[in-house]
Amino acid sequence: MSKVSITFLGGAETVTGSRFLVESDEAKVLIDAGLFQGLKQLRLKNWDEFPVDTSTIDAVVLTHAHLDHCGYLPLLVRQGYRNPVYLTSNTAKLADVVMKDSARIQVEDAKYASKKGYSKHDSPKPLYTEDDVDKTLTKFKETEFRVKTQVAKNTFITLFPAGHILGAAFVMLEIGGEKLLFTGDLGRNQHPILVAPDPYPDGEISALITESTYGARVHESPSSVFTDAINKTINRGGSILIPAFAVDRTEVILMKLRELMDTQQIPRVPVFVDSPMALTSLKHYRSAIASGDTEIRPDFIRQFANEDPFGPDTLQEMKTVEDSMKLNNPKNSCIIVSASGMGTGGRVVHHLKQMLPNPLHSVLLVGYQAVGTRGHALENGAEKIKMHGQLVDVKASIVKIEGFSVHADGSELIQWFGKGKKPNQIFLVHGEIESAEIFAQRLEIELKWAPVIPVPMKKYEIIQNPDKSLSDFSI
Ligand SMILES: [Zn+2]
């Protein structure tokens, strides 16, 4: 029997840089290839040489198109990865957008840093360019949901709808006779566009590798805080800036704004989507909703009477940089939705720089803010934040909004896998250490499970599953 091991190359004791290497005697599979984001010491890790010879990896599987799951792929390819990247068709479309945007931001930031001379490096370089992304796209191998696919010798994957963002999957990996279940980022039952995740699979599972981003939290329902903050700001003549992840969060926010305007809970002010990536993502969401073809598999997308449920009629798409600059310091009340969601890059940084010093405006934080990001500093009451080498005063009101998360919280995760058989091993990943520890305690108390919080870069042997029958592993 083949020995199977897993090494947590990223996404361990942190929420970013998801990279899990699974090895048997016959195959090596990497689940996700995410970028590290947030604290500088984490971001610097993106520059490290990949710890394994990438040409020896047989397959990469992507759970979904968020940057912390797919943003490292171009570097993997640049370092010699030659084999397919397995993913759903919607993840392929969105990962294309996300990686290209990441490349563009890095190239722009490197240029800006060298022009302004605030970089500590003599000639700042981007991590990767659009060329690297184009090479990566040629490796994509689209895989249908719920279809078992062979990816290497005695190695199979099945992707299941995860209800997190368009195309997102949780992954069953069967390798060397063991079954490993990766939750990726698991969604919630109440996503306004996607249906609930598929159920936790039946049968024996050797190892469950689960996210724990919100393991310590219980999500509140979207509250009136969002509506109140918008109304208060408009009443005092200010504008609202919503930093939002371009993929999925923008769509969810637009649907909410439309609903609030249609029910006259907020005034019909102009809404600007100011992020090229968000606009492309919006196009893919619209086409997934509008499409009746089988490739889109309508069983994981909710049905809408309206083909375009996103825009209030005041929605304006800011396509060019000139469009974006017109929004600087808006005179009349409006709502600007812009990426990135944690204020780490993209057009939102310019809006923050313009709007933060003005007490009339508000910044609504609607998403997860990783430690070390500007969003995290704002969330924690910073009076000044650093942008493009300058300190900017924070006078605008900063409002943290709960309820828009598309991650299952601790209770939702427990409910999801609590109905299944206890896996032989449980690893908690994709969570800050405190969150993972609290979630571990809950699993011990509520399910009598004994999870491990894996140490980054450490290799763990998968305990052999004594009950399995070999016939499970033929295709
Ligand atoms: Zn995600």
Side-chain angles (χ1 to χ4, degrees), residues 1-11 18-34 50-64 69-70 72-73 76-77 79-89 91-92 136 138-160 162 168-184 198 200-210 423-427 429 454 459-475:
M1 185 54 59
S2 178
K3 260 199 184 150
V4 177
S5 69
I6 180 165
T7 312
F8 298 87
L9 304 178
S18 278
R19 303 169 196 174
F20 311 126
L21 183 72
V22 184
E23 296 169 85
S24 70
D25 298 342
E26 296 165 316
K28 273 189 194 142
V29 178
L30 185 69
I31 307 287
D32 283 340
F50 198 70
V52 180
D53 177 356
T54 55
S55 67
T56 64
I57 300 173
D58 299 283
V60 174
V61 184
L62 273 199
T63 60
H64 66 289
H69 294 259
C70 74
Y72 188 77
L73 268 181
L76 204 67
V77 171
Q79 291 170 85
Y81 178 68
R82 296 279 170 266
N83 288 319
V85 174
Y86 295 88
L87 71 187
T88 65
S89 61
T91 296
T136 306
T138 65
K139 316 280 179 229
F140 279 8
K141 199 162 171 109
E142 296 179 10
T143 310
E144 279 191 44
F145 278 132
R146 309 184 189 107
V147 175
K148 187 159 148 177
T149 307
Q150 181 155 17
V151 299
K153 198 173 177 198
N154 282 322
T155 307
F156 308 89
I157 57 155
T158 315
L159 306 179
F160 297 92
F170 63 86
V171 180
M172 178 68 91
L173 169 66
E174 299 174 42
I175 180 166
E178 303 297 332
K179 282 187 171 184
L180 284 78
L181 183 70
F182 294 83
T183 64
D198 265 18
Y200 184 86
D202 288 335
E204 297 289 340
I205 289 174
S206 311
L208 166 68
I209 297 88
T210 175
N424 288 354
Q425 282 164 296
I426 302 114
F427 296 99
V429 295
K459 185 183 271 196
Y460 293 80
E461 295 240 320
I462 299 301
I463 299 168
Q464 303 243 320
N465 185 346
D467 298 331
K468 66 180 169 264
S469 79
L470 277 173
S471 62
D472 282 354
F473 302 101
S474 57
I475 192 166

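Fair warning: this is a prediction, and the values are worked out from it, not measured in the lab. The chain is numbered in sequence order, starting from 1.
- The distance from atom CG of L21 to atom OG1 of T56, rounded to the nearest 0.5 Å, is 8.0 Å.
- Using a 30° and 60° split on the angle between ring planes, F20 and F182 fall in the parallel class, below 30°.
- Nearest heavy-atom pair across L62 and A33 is CD2-N, 4.1 Å.
- From E174, atom CD reaches atom CD1 of I157 across 10.5 Å, with rounding to the nearest 0.5 Å.
- Remark: side-chain polar atoms of D58 are paired, donor with acceptor, to backbone N or O of K28 under 3.5 angstrom.
- With a 4.5 Å cut-off on side-chain heavy atoms, K179 and E204 do not count as touching.
- Within the model, atoms CD of E26 and CG of N154 stand 4.5 Å from one another, a figure rounded to the nearest 0.5 Å.
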Show the numbers, then the answer: is there a side chain to side chain contact (heavy atoms under 4.5 Å, CB included) between I57 and N83?
-> CA-CA 8 Å; I57 300 173; N83 288 319; 5.9 Å; no

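- A donor-acceptor pair under 3.5 Å links the side-chain atoms of T155 to the main chain of K153, judged by distance alone.
- Closest approach of T91 to A168, counting heavy atoms only: OG1-N, 4.1 Å.
- Distance check, rounded to the nearest 0.5 Å: CZ of F427 to CZ of F8 gives 4.5 Å.
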Evaluate side chain to side chain contact (heavy atoms under 4.5 Å, CB included) for Y86 paired with V171, printing each intermediate quantity in order.
-> CA-CA 11 Å; Y86 295 88; V171 180; over 6 Å; no

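- A152 approaches A27 most closely through the heavy-atom pair CB-CB, 3.7 Å.
- Shortest non-hydrogen contact noted between A59 and V151 is CB-CB, 3.8 Å.
- For Y72 and F50, the distance between ring centers is under 6.0 angstrom.
- Between S206 and I463, the closest heavy-atom pair is CB-O, 4.3 Å.
- Contact check for P51 versus L9: side-chain heavy atoms found under the 4.5 Å cut-off.
- In this structure, V61 and L173 have side chains that are not in contact, with every pair of non-hydrogen atoms separated by 4.5 Å or more.
- With F170 as reference, L181 is the one residue of L181, T63, T158 to meet the side chain to side chain contact (heavy atoms under 4.5 Å, CB included) rule.
- A distance of 10.0 Å separates CG of L30 from CD of E23, quoted to the nearest 0.5 Å.
- For the pair G80 and T54, the tightest heavy-atom approach, listed with the atom from each and the gap, is C-OG1, 3.4 Å.
- In this structure, E178 contributes its side chain and A207 its backbone to no donor-acceptor pair below 3.5 Å.
- Here the options are L73, L76, V60, V77, the test is side chain to side chain contact (heavy atoms under 4.5 Å, CB included), and the partner is K139; only V77 passes.
- Remark: the backbone N or O of G34 is paired with a side-chain donor or acceptor of R19 at under 3.5 angstrom.
- I209 CD1 to Q425 CD: the interatomic distance, rounded to the nearest 0.5 Å, is 8.5 Å.
- In terms of the salt bridge (Lys or Arg N to Asp or Glu O under 4.0 Å) criterion, K141 has no residue partners (sequence neighbours excluded).
- Between the T7 side chain and the S5 main chain, no donor and acceptor come within less than 3.5 Å of each other.
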Check the pair T210 / V429 against side chain to side chain contact (heavy atoms under 4.5 Å, CB included), numbers first and verdict last.
-> CA-CA 6 Å; T210 175; V429 295; over 6 Å; no

